[in-house]
Protein chains: 2
Amino acid sequence: MRLSRKSEYALLALVDLSRQYGKEPAKIMDVSIRNDIPKKYLEQIFLQLKGAGYVRSFRGANGGYSLAKPPEEITLAQIIRLIDGPLASVGSASLYYFEHTPIEKNKKLLQVFKEIRDEVSEKLESMSLSDFVD
Amino acid sequence: MRLSRKSEYALLALVDLSRQYGKEPAKIMDVSIRNDIPKKYLEQIFLQLKGAGYVRSFRGANGGYSLAKPPEEITLAQIIRLIDGPLASVGSASLYYFEHTPIEKNKKLLQVFKEIRDEVSEKLESMSLSDFVD
DNA sequence: TTTTAAGTCTATAAACAATATAGACATGAG
DNA sequence: CTCATGTCTATATTGTTTATAGACTTAAAA
């Protein structure tokens, strides 16, 4: 489970939105500056998060983005799965994104990576955005 | 820690060599066929493993590859670090391959990925090739 | 009603990594 | 000598990542 830079940006941006949950929407430009994320890239990330229902947008002047749900209800696992796909180290150890890979030939080897997937999933599913607002 | 196909091949090939540790060296061709690994790709993988001291080679007719150490002394972590690099999900949570990444801006977030790295490292460092010989 | 500050959408560029494939060469057993 | 093996380096192919660009739409406020 290697995290892309895009996932890192997405998590930072969502934690930023969490800080003003219930208040005014945040502008892309402001989130971009506060977290040092390239603005045009952040636009794409927010669009993707919006498509998946994690944020809502408001157009026009005074527009911006807000979380679509309380920070407690958005987990790290959900965001990383959305942006990067499988949490498992190998496709054949993945539940949500299973695919055949060579390592299946050795069942004990495969089992190790399934156990790692279980530990990682459990941890990332147990942590929500609310855990990262200072 | 996403495993590349190359790492999967390397692990399968090394377990194969483990099965005949102490016996005749194994030919690339045979390892290739037994594990369904492209032969020319496997050549490169063995060269890399040899460079790192995990296998020894014998040239000429009756040549081939053998483990350079007992299977108990080669861990999954060593091989994966050699082929794929960091075990950590983000560069800034890596000990062996540290680099700055955006997620450092949120220390609690970074801490989660350090904890995951610790769990994963511990597991992969505790498992050696001998654990996978049937 | 016009202006302007916002989000939307789609294309594409640049760099890099993953996954091989190719072929000329070196070595050593028989 | 021959031939089965490993060695070395180059290159091809494809996909992914990380953006950047620009024309378009929307809505608040003057």
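In what follows, every heavy atom counts, from backbone to side chain, and hydrogens, waters and symmetry copies are set aside. Numbered from 1 within each chain, the chains take letters A, B, ... in sequence-line order.
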Let me confirm one number: the CD-CG distance from B/Glu115 to B/Leu110, rounded to the nearest 0.5 Å.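 One gets 10.0 Å once the value is rounded to the nearest 0.5 Å.
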
Quick one: the side chain of A/Arg59 and the base of D/dT25, do they pair up donor-acceptor inside 3.5 Å?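 A donor-acceptor contact between them is present.
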
Check this for me: does any side-chain nitrogen of one of [X] and [Y] sit under 4.0 Å from a carboxylate oxygen of the other?
X: A/Glu43; Y: A/Lys39; answer: yes
X: A/Lys114; Y: A/Glu119; answer: no
X: B/Glu8; Y: B/Arg5; answer: no
X: A/Arg19; Y: A/Asp134; answer: yes
X: B/Asp16; Y: B/Arg34; answer: yes

Check DNA chain D against residues 17-42 of chain A and give the residues with a non-hydrogen atom under 4.0 Å, in numerical order.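 Of all residues in residues 17-42 of chain A, the ones placing a heavy atom under 4.0 Å from DNA chain D are A/Pro38, A/Lys40, A/Tyr41.
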
Could you tell me whether the phosphate oxygens of [N], OP1 or OP2, come under 4.0 Å of any side-chain nitrogen or oxygen in [X]?
X: B/Ser57; N: D/dT7; result: yes
X: A/Asn62; N: D/dA29; result: yes
X: A/Tyr9; N: D/dT18; result: no

Provide, to the nearest angstrom, the distance between the [atom1] atom belonging to [X] and the [atom2] atom belonging to [N].
X: B/Arg56; N: D/dG6; atom1: CZ; atom2: P; value: 15 Å
X: B/Gln48; N: D/dG6; atom1: CD; atom2: P; value: 17 Å
X: A/Arg2; N: D/dT16; atom1: CZ; atom2: P; value: 17 Å
X: B/Tyr65; N: D/dA4; atom1: OH; atom2: C1'; value: 15 Å
X: B/Leu49; N: D/dC8; atom1: CG; atom2: C1'; value: 16 Å
X: A/Glu43; N: D/dG22; atom1: CD; atom2: P; value: 13 Å
X: A/Ile45; N: D/dT17; atom1: CD1; atom2: P; value: 12 Å

Need one value for A/Phe46: base, sugar-phosphate or nothing, where a base atom within 4.0 Å counts as base even if backbone is also close, heavy atoms only.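 No contact at all - A/Phe46 keeps every heavy atom at 4.0 Å or more from the nucleic acid.
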
Can any side-chain N or O of B/Asn35 pair as donor or acceptor with the backbone N or O of B/Ile37 at less than 3.5 Å?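 It does not hold such a pair.
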
Is any side-chain heavy atom of B/Met1 less than 4.5 Å from a side-chain heavy atom of B/Arg117?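 Contact flag for B/Met1/B/Arg117 side chains = no.
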
Please list, in 5' to 3' order, the outermost nucleotides of DNA chain C lying under 4.0 Å from any heavy atom of chain B.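 On DNA chain C, the outermost contacted nucleotides are C/dT19 to C/dG30.
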
Atom pairs and distances, side-chain donor-acceptor, residues 59-78 of chain B, under 3.5 Å, sequence neighbours left out:
unit_1  : atom_1 : unit_2  : atom_2 : d
B/Thr75 : OG1    : B/Gln78 : N      : 3.1
B/Gln78 : OE1    : B/Thr75 : N      : 2.9

